[in-house]
Number of protein chains: 2
Amino acid sequence: MPKTWAEDAQHRLREAGYRNGPVRIAVIELLDAENCCVSAADVHASLNERVGLASVYRVLESLHAAGLVRRVDVGDGIARYEPLRESGEHHHHLVCTECGKVEAFDDPALERAIRRVEAKSGYAVEQHDVVLQGACDTCR
Amino acid sequence: MPKTWAEDAQHRLREAGYRNGPVRIAVIELLDAENCCVSAADVHASLNERVGLASVYRVLESLHAAGLVRRVDVGDGIARYEPLRESGEHHHHLVCTECGKVEAFDDPALERAIRRVEAKSGYAVEQHDVVLQGACDTCR
DNA sequence: AGCTTGACGAGAATCGGTATCGTCAGCCGC
DNA sequence: GCGGCTGACGATACCGATTCTCGTCAAGCT
Ligand SMILES: [Zn+2]
Ligand SMILES: [Zn+2]
Ligand SMILES: [Zn+2]
Ligand SMILES: [Zn+2]
C-alpha cells in the first residue's frame, strides 16, 4: 500500500526542515485531491479565504523547491501548480483561447520526441512544458 | 521576390484599419531584424527610450491580434514576441534555469508528434509552445 | 487647408506575486 | 509541564510587468 502523495509530501517537507502547520497541511491535501492545475487564488478560495494569501504562496513555493509539485504556466500570467507523483506520469495542457478552460492530455509518442530533443540539446533539462492553444469544441 | 516581413506586416495592419505611425514602423523593423524572442522592454531600450513604453505594448498587441507575431512565454513573467513569417517555419525554446538565457531549437519529429496530438484533441489548435527548462552547458 | 480619427506619450491604475514584520504556536530539552 | 528557540502565520507594504486613461498631435481623406 503506497503512501498517499499528501503523506509523502508532508514527510519530505518535514525532513527538509519545515514544520507542518495547519495551512501547509490543508494546501497539501487540496493539491492531492486535485491533480491538475491549481492556482494560488484557487487554493485561497477553496480554503474559504480564512488563510493569508501569502501563506498559500509560501506553501506552494516550498513544495516547488522540494520538487513535489510542477509549476505550470499556460501564458495567462497566473502560476498554477499540480502534484508530481512518484509514478512519474505527467501530462501537458490544452488551453481554450475563448473561455480559458485548461484541459490535460498525455501522449507517449510526444514524450519520446521530447526526450530525444533533450538529449541533443546540451542542457540538463529538468522539466518540459507543452501548451496547445485554440478553441475548444464547445467554443467554436 | 517576396516582400519582407516588415513590408507585409505594415500592409496587413493598414488593411486592418491601423495607421502607420513612426513607432509602429520602428517596432516592426526591429522585429524583422531579430527573429527570436524580443520583449517590450528590449524594444523600448533598442529605441533609445525615446518612445512611450505604452506605445510599444500597443504595437506588439496589434501585431499579435493580426496574427503577425507569436507571443512566447517562457515562465519568467515577461512576454516576448517574434515574427511569424510566411514560410511557416517556427521553433521552440530552451531556457536556462540558472542564467535565464533563452535559446531556440527546432525538431521535425517533435512537430509531427505535436500535429498528431492536435488532430486528436478536438480543439482548433492555433498555436503550440514547447519550453524545455534546465541548466545550459556553461552553467552546469 | 480643414476635419476626423487613430497614434502617441505620460502617468495612473491594475494585478500577480514577493518581502517584511510583529505575533503566535509547534517542538525541543529540561 | 515549562521556557525558549524557530519557523508558521496573517496583514500589509512593496515590486515589476502590463494595461488604461486622457490630453495632444498628426496622418490621411476631402
Ligand atoms: Zn495539469
Ligand atoms: Zn512531457
Ligand atoms: Zn524564439
Ligand atoms: Zn512547433
Side-chain angles (χ1 to χ4, degrees), chain A residues 9-31 37-66 68-81 95 100 102, chain B residues 9-31 37-66 68-81 95 100 102:
Chain A
Q10 283 182 39
H11 184 73
R12 301 248 300 263
L13 283 183
R14 177 169 316 192
E15 289 201 324
Y18 294 100
R19 289 180 192 165
N20 282 332
V23 175
R24 182 176 311 269
I25 292 173
V27 172
I28 288 174
E29 289 185 345
L30 260 177
L31 281 175
C37 287
V38 184
S39 70
D42 291 339
V43 172
H44 185 232
S46 296
L47 260 31
N48 250 317
E49 312 192 358
R50 304 290 297 275
V51 302
L53 191 49
S55 301
V56 174
Y57 278 109
R58 264 190 300 252
V59 171
L60 292 173
E61 164 57 27
S62 63
L63 286 165
H64 188 237
L68 290 161
V69 295
R70 156 185 295 251
R71 181 188 172 126
V72 176
D73 190 336
V74 297
D76 58 0
I78 300 176
R80 294 154 207 261
Y81 296 83
V95 184
V102 177
Chain B
Q10 283 182 40
H11 184 73
R12 301 248 298 263
L13 283 183
R14 178 169 316 193
E15 290 202 324
Y18 295 99
R19 288 180 192 166
N20 281 333
V23 175
R24 168 152 316 168
I25 292 172
V27 171
I28 287 174
E29 288 183 346
L30 260 177
L31 281 174
C37 286
V38 183
S39 71
D42 291 339
V43 172
H44 186 230
S46 295
L47 260 31
N48 252 316
E49 312 191 359
R50 303 290 297 276
V51 302
L53 192 47
S55 301
V56 174
Y57 279 107
R58 264 189 300 252
V59 171
L60 292 173
E61 163 58 26
S62 63
L63 286 165
H64 187 238
L68 289 161
V69 295
R70 154 184 297 250
R71 181 188 173 127
V72 176
D73 189 337
V74 297
D76 59 358
I78 299 174
R80 295 154 206 261
Y81 297 83
V95 184
V102 176

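Since the structure is predicted, the reported quantities are computational estimates derived from the model, not experimental observations. Letters go in sequence order (proteins before strands), and every chain restarts at 1.
Using a 4.5 Å heavy-atom threshold, the side chains of A:Arg24 and A:Tyr18 count as touching. Between A:Leu60 and A:Val69, the closest side-chain pair of non-hydrogen atoms is not below 4.5 Å. Between A:Val43 and A:Val59 there is no side-chain heavy-atom pair separated by less than 4.5 Å. Put simply, the side chain of B:Val51 reaches to within 4.5 Å of the side chain of B:Val56, judged on heavy atoms. Between A:Ile28 and A:Gln10, some side-chain heavy-atom pair lies under the 4.5 Å cut-off. B:Leu63 is listed as a side-chain neighbour of B:Leu31, based on a closest heavy-atom distance under 4.5 Å.
Heavy atoms only, all atoms of each residue included: A:His44 and A:Gly52 are closest at CD2-C, 4.5 Å. Among all heavy-atom pairs drawn from B:Val102 and B:Val74, the shortest one is CG2-CG2, 4.4 Å. Heavy atoms only, all atoms of each residue included: A:Ala66 and A:Leu13 are closest at CB-CD2, 3.8 Å. Between B:Cys37 and B:Val72, the shortest heavy-atom distance links the atoms SG-CG1, 4.2 Å. Minimum interatomic distance between B:Asp73 and A:Gly75 (heavy atoms only, all atoms of both residues): OD2-CA, 3.6 Å.
In this view, B:Asp42 and B:Ser39 satisfy the side-chain hydrogen bond (donor to acceptor under 3.5 Å, both in side chains) rule, not counting sequence neighbours.
For the helix from C:dA1-D:dT30 to C:dC30-D:dG1, the end axes, each set by the C1' atoms of five terminal pairs, are bent relative to each other by 30° (nearest 10°).
Contact annotation: A:Ser55 side-chain N/O to D:dG10 OP1/OP2 distance is under 4.0 Å.
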Output one line per pair: protein atom, nucleotide atom from nucleotides 18-23 of chain C, and distance, for all N/O pairs under 3.5 Å.
none

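Within residues 39-51 of chain B, the residues having any heavy atom closer than 4.0 Å to DNA chain C are, in order of number, B:Arg50, B:Val51. Non-hydrogen atoms lying under 4.0 Å from DNA chain D are contributed by A:Tyr18, A:Arg19, A:Gly21, all within residues 11-21 of chain A.
Atom CD of A:Gln10 and atom P of C:dG26 are 15 Å apart (whole Å). Nucleotide D:dT19 holds its C1' atom 13 Å from the CG atom of B:Leu60, rounded to whole Å. Rounded to an integer number of Å, the gap from CD1 of A:Ile78 to P of D:dA17 is 18 Å. Between the P atom of C:dG16 and the CG atom of B:Asp76 lies a distance of 18 Å, rounded to the nearest Å.
Legend: side-chain hydrogen bond (donor to acceptor under 3.5 Å, both in side chains) pairs involving residues 45-55 of chain B, not counting sequence neighbours, sorted by first then second residue: B:Ser55-B:Arg58.
If you find the closest nucleotide of DNA chain C to B:Ile25 and to A:Ala79, the one lying nearer the 5' end belongs to B:Ile25.
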